[in-house]
Number of protein chains: 2
Amino acid sequence: MLQANNVHHLKDVTNPVLFGVAPDSLQGLFRRQPVEHLCAGQSLFLEGDAARHLFEVVEGSLRIFRIISDGRRVITGFLHAGDMAGVSMTGNYLYSAEAVVDTRIRRISRKLFDAEVAKSPELQSEVFSLLRDEMADAQDQMVLLSRKSAEERLCSFLLRQAEAAPGARANAGIVALPMTRLDIADYLGLTIETVSRTITKLTQRGIICPVGRHAVQLLKHGVLVQLSGDGEYFSDGCRQISYAAGNHH
Amino acid sequence: MLQANNVHHLKDVTNPVLFGVAPDSLQGLFRRQPVEHLCAGQSLFLEGDAARHLFEVVEGSLRIFRIISDGRRVITGFLHAGDMAGVSMTGNYLYSAEAVVDTRIRRISRKLFDAEVAKSPELQSEVFSLLRDEMADAQDQMVLLSRKSAEERLCSFLLRQAEAAPGARANAGIVALPMTRLDIADYLGLTIETVSRTITKLTQRGIICPVGRHAVQLLKHGVLVQLSGDGEYFSDGCRQISYAAGNHH
DNA sequence: CGCATGCTTGAATTTAATCAACCCTAGTGG
DNA sequence: CCACTAGGGTTGATTAAATTCAAGCATGCG
């Protein structure tokens, strides 16, 4: 898709990017590290490995996943430029990470990271903030996997992708989907066939429009939100929820 | 609401309850607070409320849940004695919390909590540790919801309950299930009927044995582990990892 | 005792998975 | 430049799993 356009050398990037980055910030920690390159499909670390490093995605995407008993794969998230991997664990990695496409990353050692964070209250609150966001995403994903239909999952996914990775063509409502259908399926708890069929249906209804294999244009953003099932639940005034026996403090 | 008026002398460490609790520990923070009582079904806080307090469960159980669009409920976790609620957010609560049964809790204000944590490196690492465990549980739950069958979900659930809430009768393999079938269903992403049927099947196969409505005896622990689908997946090199996820503090 | 609530069981239905072709497209090599 | 190929993607038919609908059964409580 859109490769080969932004292949800067590290020295080109150094000055302008450092400008404006607070001395005490997580971004700042990584800035000093060299950029490494991962080819599409290459593994960054495996579930169970000693978690010796933390990573920042500079460009590209990672998939974060676990494999269970008979080979079933669960993708628990995608990381895009600016995201970090490995913050939420010490000891061993809880999941594996692979490059979805050619990807550039930076790494710092857990030891250095811990030392720097211990020294700086700013970094601490940044880390807390990251963990909170991670937790919030996990909550959303549990809701999606627990109670949403295939269509709702797809719509939620497209909207989240649109927010998380606002590409150059974002204003035209075009969302990049660097991952394969299998990746999407394993992320949404569906099969490739169901993902494909659902995309087809949304396309036929004029809600989205595929742009090649790895991008989609969102034509009816509002409808998409409706179908995502993320609407708040209000029942006019008081919550007449059958489960809730008591009233709140 | 009783608050901030019962500041006991901290030097009263000879108190049997305080004995053995490190001076700088999260437990210690709560120890100074009065115990409050929640009746079964009573709400502790609602999703969206200003997150002004953190809570510790002294006795009983809480359910943590969200409600989406048309009233569907997703329970993202249960909290038992010793667990804490509200650590992973500032601002507003991401979910609601209700007492499953009559429950006793302690609370401290977010402000006090933040202040104390800022002062103490020990508390900081305890908080990080809590957040990491919470993240690990969320990961496990995503795997369960994404790819496990009804039977696997039930077996996983029973095993987790057994570990998380080792009641007095734990040695006899008896697990307390204070929550209703609907709670279990909303936690596992199933319906009450499916939960019921699956329990019946496991019972018929002599793997478990219901003890009243709110407890189950695990007769074949090994089989249960097999059926839980949590076995590791060996592809090439044998990476054997003990089942180490899901340990609360 | 009688009601209410929660739980179980059975039958019908629905959703998504599975099984099985087939198509498209990018990449390869003649 | 085109044919060939492999992998990813789509589509259709069938099946399986879990949901929904519908009774009926226990348990607990006034």
Side-chain angles (χ1 to χ4, degrees), chain A residues 1-4 39-41 63 70-75 100-102 144-155 157 177-204 208-216 227 229 241-246, chain B residues 39-41 63 70-75 100-102 144-155 157 177-204 208-216 227 229:
Chain A
M1 288 298 93
L2 31 123
Q3 324 243 46
C39 296
R63 57 179 161 253
D70 51 346
R72 286 169 286 185
R73 183 179 70 160
V74 178
I75 292 183
V100 170
V101 293
D102 286 9
L144 181 147
L145 294 170
S146 186
R147 285 280 174 254
K148 286 188 180 176
S149 69
E151 188 175 86
E152 289 174 320
R153 292 180 198 204
L154 239 300
C155 293
F157 171 69
L177 300 176
M179 66 292 289
T180 66
R181 296 289 186 267
L182 183 55
D183 287 333
I184 297 175
D186 285 349
Y187 181 52
L188 299 180
L190 302 169
T191 59
I192 29 176
E193 292 95 332
T194 301
V195 169
S196 185
R197 276 188 252 274
T198 307
I199 288 177
T200 301
K201 267 182 245 160
L202 291 174
T203 304
Q204 283 166 350
I208 63 173
C209 178
V211 180
R213 275 180 178 177
H214 291 294
V216 169
L227 294 178
I241 301 163
S242 44
Y243 328 109
Chain B
C39 296
R63 60 178 160 253
D70 51 346
R72 288 169 285 184
R73 184 180 69 160
V74 177
I75 292 183
V100 170
V101 293
D102 284 10
L144 180 146
L145 294 170
S146 186
R147 285 280 176 253
K148 286 188 180 177
S149 69
E151 188 176 87
E152 290 174 319
R153 291 179 199 203
L154 239 302
C155 294
F157 172 69
L177 300 176
M179 66 293 290
T180 67
R181 296 288 186 269
L182 182 57
D183 286 333
I184 297 175
D186 284 350
Y187 181 52
L188 298 180
L190 302 169
T191 58
I192 30 175
E193 292 95 333
T194 301
V195 169
S196 185
R197 276 187 251 273
T198 307
I199 289 177
T200 302
K201 268 183 244 160
L202 292 173
T203 304
Q204 284 166 350
I208 63 174
C209 178
V211 180
R213 273 181 179 177
H214 291 294
V216 168
L227 293 179

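Below, chain A is the first sequence line, B the second, and so on; all start at residue 1. Keep in mind the model is a prediction, meaning the values are calculated, not measured.
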Problem - Length of the CG-P vector between B/L154 and C/dT8, whole Å - result: 11 Å
Exercise for the section: Would you confirm whether B/R153, through its side chain, and B/L188, through its main-chain N or O, come within 3.5 Å as a donor-acceptor pair? Expected result: yes
Exercise for the section: Please tell me if the side chains of B/M179 and B/I75 come closer than 4.5 Å, counting only heavy atoms from C-beta onward. Expected result: no
Handout entry: A/R197 vs D/dT11: side-chain N/O to OP1/OP2 distance below 4.0 Å
Key = no
Practice task
Side-chain contact test, heavy atoms from C-beta onward, threshold under 4.5 Å: evaluate it for B/D186 versus A/R147 and give yes or no.
Solution key: yes
Problem - Donor + acceptor pair across side chains of B/T200, B/T203 (<3.5 Å) - result: no
Problem - Main-chain N/O of B/T194 paired to B/T198 side chain as donor or acceptor, under 3.5 Å - result: yes
Collect all protein-nucleotide pairs involving nucleotides 14-16 of chain C in which both atoms are nitrogen or oxygen and the distance is under 3.5 Å.
from   : atom 1 : to     : atom 2 : distance (Å)
C/dA16 : OP1    : A/A150 : N      : 2.8

Problem - A/V195, A/I184, A/L190 screened by side-chain contact (heavy atoms from CB on, under 4.5 Å) with A/F157, the one that passes - result: A/I184
Practice task
For A/R72 and C/dT18, give me the distance from atom CZ to atom C1', rounded to whole Å.
Solution key: 15 Å
Fill in the blank from the handout: Regarding the side chain of A/R213, the nearest nucleotide among C/dC7, D/dG8, D/dT11 is D/dG8
Strictly under 3.5 Å: I want the nitrogen or oxygen pairs between protein and nucleotides 20-22 of chain C, one per line.
none

Problem - Interatomic distance, A/D183 CG vs D/dG8 C1' [rounded to whole Å] - result: 11 Å
Handout entry: Length of the CG-P vector between B/L202 and C/dT8, whole Å
Key = 12 Å
Handout entry: Separation of atom CE in A/M179 from atom C1' in D/dG9, rounded to whole Å
Key = 16 Å
Exercise for the section: Describe the nucleic acid contact of B/S196 in one word from base, sugar-phosphate, nothing, applying a heavy-atom distance below 4.0 Å. Expected result: base
Handout entry: Non-hydrogen side-chain atoms of B/C39 and B/V101 separated by less than 4.5 Å
Key = no
Problem - 4.5 Å side-chain heavy-atom contact, A/R197 and A/E151 - result: no
Completion exercise
note: B/H214, atom NE2; D/dT27, atom P; distance rounded to Å ~ 12 Å
Practice task
Would you kindly give the CD1-to-C1' distance between B/I192 and D/dT20, to the nearest whole Å?
Solution key: 11 Å
Practice task
Measure the shortest side-chain to side-chain distance between B/E152 and B/L144 over non-hydrogen atoms and say whether it is less than 4.5 angstrom.
Solution key: no
Handout entry: Interatomic distance, A/L188 CG vs C/dA17 C1' [rounded to whole Å]
Key = 15 Å
